[in-house]
2 protein chains.
Amino acid sequence: MNQVVTGKLTTWQRLRRAVLGSPIATKRAHHEKLSVTLGLPVFASDALSSVAYASEEILHVLVVAGIAGFTFLTPVSLWLVVLMLIIAFSYYQTIQAYPAGGGTYIVSTENLGSGAGRVAGAALLIDYVLTVAVSISSGVAAVVSLAPSTQDYGVWIGVTAIAVLCLANLRGVKESGAIFALPTYVFVVLVLALVGTAVFRGVGQPAIQPTIHPPQEGFHAVTMFLLLRAFAASCAALTGTEAIADGVGAFKEPAAKNAGRTLIAMVVLLLVMFVGISWSAQHFGVQVMEPTEPGFKTVLAQLAVAMFGEGPFFYVIQIATAAILFLAANTAFADFPRLCSFVARDGFMPRQLTSLGDRLVFQNGIVVLSVVAAGLLVVYNADTHSLIPLYALGVFVSFTLSQAGVCRKFVKERKADPANARRHTIHAALSGFGAVVTTVVSLILLVTKFSEGAWLILVAMTVLLSVFSLIRRHYDHLANELNLRPEDTVEKVQTIALLLVPRVHRGVLRAIAYAQGSARDCRALHVTLDPASSEKLKQEWNRLGIDMPLVILDSPYRSLVEPVVDYIDETTELFPDHMVTVIVPQAVPSRWVQGLLHTNAALGFKLALASRPQVAITNVRYFLK
Amino acid sequence: MNQVVTGKLTTWQRLRRAVLGSPIATKRAHHEKLSVTLGLPVFASDALSSVAYASEEILHVLVVAGIAGFTFLTPVSLWLVVLMLIIAFSYYQTIQAYPAGGGTYIVSTENLGSGAGRVAGAALLIDYVLTVAVSISSGVAAVVSLAPSTQDYGVWIGVTAIAVLCLANLRGVKESGAIFALPTYVFVVLVLALVGTAVFRGVGQPAIQPTIHPPQEGFHAVTMFLLLRAFAASCAALTGTEAIADGVGAFKEPAAKNAGRTLIAMVVLLLVMFVGISWSAQHFGVQVMEPTEPGFKTVLAQLAVAMFGEGPFFYVIQIATAAILFLAANTAFADFPRLCSFVARDGFMPRQLTSLGDRLVFQNGIVVLSVVAAGLLVVYNADTHSLIPLYALGVFVSFTLSQAGVCRKFVKERKADPANARRHTIHAALSGFGAVVTTVVSLILLVTKFSEGAWLILVAMTVLLSVFSLIRRHYDHLANELNLRPEDTVEKVQTIALLLVPRVHRGVLRAIAYAQGSARDCRALHVTLDPASSEKLKQEWNRLGIDMPLVILDSPYRSLVEPVVDYIDETTELFPDHMVTVIVPQAVPSRWVQGLLHTNAALGFKLALASRPQVAITNVRYFLK
């Protein structure tokens, strides 16, 4: 049930609630936690969906070696399997070691120091953005494979998808879990069916030779470097493995246990689907196409057609693929804002990122992610293949730091309780091994992808890290300027109230009373624009016997603001330790358009006095019926 | 000499002064008055420049009657001369009758009542806008005739010209007089030279037959209606005649006398140039061209070429023509804002239009005129011929009303002093006659131009007039709501100060002191977003022994604003006759970009409390070094 906070609602509030739902009370926070069944789609859709492009990306590299290279698809895929198992295992331990969750950033900060933590944080933030960009563009590819007529509108489809995700997540995580469960499970089932059919038909039959048109530069030999590049390309499939560990906090109690189960389920599914697709694609001689080619189809789409023809199965699997890929981006939407809030809490990003919105989500982080990712999508024209080189590097850097951190932790713990020294040693060894492996992979990624775009990631990280420290410096500076010194106390401050009086009317009477009530020393200021009316004002003032000195200011240049500013400056010079309150009476018409018939004096004063520390400005409004 | 008002100048002020010049003191107002020599270019450039297109517009109509119609150019022009004399004479009297100036609007209001005044005002305002649009587009035509390569950029040239005029006028009328004198006089001299040459060469020689390509619908007979349409087209030449009478106030003393002289000078020059051009054009068989035709040249340009070839004279006269036409628009810039201020003073237009800027000009009126005219130019693609039908109707309506008004005045005066009854009768008769003639002309204009666009003017006037009355109603309503009743006095008002305290730091200490100083009943409000920090706050509060009750508000939905608003609503219900001051401490960083790292709480409160009449919001700012 959604309670309403207050009786009065502005139109904006109404609209906001229609779209984002009513506020959710803090005490209901735990209601938003996820079960394994909902946790899998929310946190694993990223990893799972990557099978939709991982095999294809390997082919993209191998194809330059023609048939010869093609036959390496399955082997390379198997390397990835090994890597995946190592990382999964190592993250399983992370979850046990950190049942409270928080993941890479917190782990590295705690065990390797703030510097390492920030590097991990920056790397992950960049990677979350790329997760969105890559998943969305690959989802677009699925749509195009299904409906060739949409080939020219890829970018728009993608941007729209991001907008929808943004809103869904602003509504809150529970809802997103619900929205995202169905497509994820449909996709998994259909891919398994597809792979199953392929294996069933294919095993024992001779493999079909693909007809490969040689690339411009002609065929290359199958070099180790080529295979490494292929491997590097496939690493994208592993991004998102950390999502669960980072998000343990979002799971139902027992969080660690549930998170662990989800992780295992994810890895098993991922392995079967990925290896299956790679093997089938190779066995049935599927070939890679450029998204701009007429009649473009993804590898998965071609496989589906090869197995079941362009029938209903093909349509359904394409839709499911598109759906899960759009939702894969949601992993980032679940994690990016949370990570931002951690980093911001430590003062390396703007404080606003730490504030939980009234729907219990870090709304600012969600918006930032949407904007940046959409920008990237437009720049790269929603082409998965050209985004991939940027991808995965960041995530492997963070893998390394996180596992190194966990390893360090176990080493410490071994010292702490020698009783279980042996168990701790094993844990440490495993995590350490993971760290070493991912370090190697990171290097492979950097070297093989450098010229294709990996260098951009280095630049981005440098920028992010320096921004982090600039922001932190500002907050530190702020703190030591604002923090109370022992000698600080509240010293009495005399206030002088200056009431601006254009002419005496009922609206001003109230302001006069307010001024008298708000300061012992209060004076009325009148700027003479036309001598006659000033005369009239003086008489009125005396007639009403108002107990407040009336100061008449000349305005040789007919400006309303400047004489007042000058008067204030003189006053503050006379009383350097006083505060001056400028009281500006303002008419508030019943309809906004009537506002055009009134000059908003207050605004002018605000601007003119912006730099005067001793001055405070108050609008006393009188409402017109 | 331009004094500077205050030592501290913001960048914006600096920039503003660089472009518009420093403020001019009110006492120096009379320095801005105009002599005859400067008055002629400022107020007569409109009328004088119209010779650049008047003859052409007549031809535009006559051309459909082929050679036969062509021969009527001079006769039709002569009708206009007669009309011009009648109007000029009648306006000469207006000036004498109203030496203070103010012109049509004031004259009609005084003698025929506010209704008639408003009609005249609306008509003139519309016509001033059209003066700008027509003169500018005709100026563009002159430029294009000189440099055919600019044919496609007409609109942009025009809009730029308007922008320049706008700035020049914001600087002040004296400067514009100086800027505009030279081109006006150059133009007059050159046209007189051109006409002189034409007459000298042409008289006694047989007239050259123009080669006229028949319009699509073929040639028509020369009907009376056709001649009337031609005549109507030429009436544009008379617009601007009223400018001097309206602007008497801007002339040096003796204002009436100087204005009168200027009027006479203007009419004489106008007559000679106009008749001269018409006769020459007819005699040398000049033909009308469409502005889109390749090698387009205006009638005046063709005449110049015919007389002196495409040599230096041609270039200079084209430049002078373009210049005076762009400046003709300046007449409107001198008069439109002044008229606005009169109408606004009577409460029919927004008050802001009455305020003299620091350069002694009605800046708001100038800006409004520029924007509207530029819009019109864009819509009509800067084509003089298609704008002309809208033109002149408004001005003749106002002619009629003004002269009827003057006539009425003399009738009254005759009653007043029977001694000079006879003189008054003659005056009255002359003005009356003028009124009758202009009424007839107005009808001719309306009928002959109705379908071509005159109907638009009727619509525009209806809209303007209803807006006038709506605005007036609002101001009346305002007045009677705000005007003091005899029983009104200043009743004491109790104020309650509510200080928002996120946490206790040095910036807040000052705000606390300020709050204590500004109300007897003041309380600190703290919204609990995280219980721990609230606890800390309480301790700090007690430790410092702050003499102010600390109210802790829960925020079940983590909103900072809503709990405060609720609290305020409760308070104002308890004390319906109190005022509540919400004091929001706010950090002001030294660099604006750092502002992004601070949430501007005050803004949220302003929006949320906008509709609460008892509430006033004060920002107490603390500046960060």
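Within every chain, numbering begins at 1; the chains are lettered A, B, ... in the order of the sequence lines, protein sequences first and strands thereafter.
For B:Glu540, the part sitting under 4.5 Å from any heavy atom of chain A is the side chain, from C-beta outward, and nothing else. Contact annotation for B:Thr495: only side-chain heavy atoms (C-beta onward) come within less than 4.5 Å of a heavy atom of chain A. Contact of A:Asp488 with chain B is made through backbone and side chain together, with heavy-atom distances under 4.5 Å. The contact between A:Arg543 and chain B is made entirely by side chain atoms (from C-beta outward), counting heavy-atom distances below 4.5 Å. Contact of A:Leu560 with chain B is not made at all, since no heavy-atom distance falls under 4.5 Å.
If you tally non-hydrogen atom pairs under 4.5 Å between each of B:Leu478, B:Leu353, B:Ile546 and chain A, the highest count goes to B:Leu478. No other option in B:Leu529, B:Leu544, B:Asn483 has as many heavy-atom pairs under 4.5 Å with chain A as B:Asn483. Ranked by heavy-atom pairs under 4.5 Å with chain A, the first of B:Met349, B:Gln516, B:Arg351, B:His477 is B:His477. The residue among B:Gly517, B:Pro613, B:Pro563, B:Ala616 with the most heavy atom pairs within less than 4.5 Å of chain A is B:Pro613.
Separating the OH atom in A:Tyr514 from the CD atom in B:Gln494 is a distance of 13.0 Å, to the nearest 0.5 Å. Separating the CD1 atom in B:Ile617 from the CD1 atom in A:Ile617 is a distance of 13.5 Å, to the nearest 0.5 Å. Rounding to the nearest 0.5 angstrom, the gap separating the CD atom in A:Glu481 from the OH atom in B:Tyr622 is 10.0 Å. B:Arg621 contributes atom CZ, which lies 8.0 Å from atom OG of A:Ser611 (distance to the nearest 0.5 angstrom).
In this structure the side chain of B:Gln614 reaches within 4.5 angstrom of the side chain of A:Arg510, judged on heavy atoms. With contacts defined as side-chain heavy-atom distances shorter than 4.5 Å, the pair A:Val490/B:Asp547 does not qualify.
Using a 3.5 Å distance cut-off with no hydrogens or angles, the side chains of A:Thr618 and B:Thr618 do pair a donor with an acceptor.
Shown here is B:Arg485, whose CZ atom has more than 12 heavy atoms of other residues, nucleotides or ligands within 6.0 Å.
Minimum heavy-atom separation, A:Ala513 to B:Glu491: CB-O, 3.1 Å.
Taking non-hydrogen atoms and a 4.5 Å limit, the residue list of residues 575-583 of chain B in contact with chain A, ordered by number, reads B:His578, B:Met579, B:Thr581. Contacts with chain B (heavy atom to heavy atom, under 4.5 Å) involve these residues of residues 502-509 of chain A, listed by number: A:Arg503, A:Val504, A:His505, A:Arg506, A:Gly507, A:Leu509.
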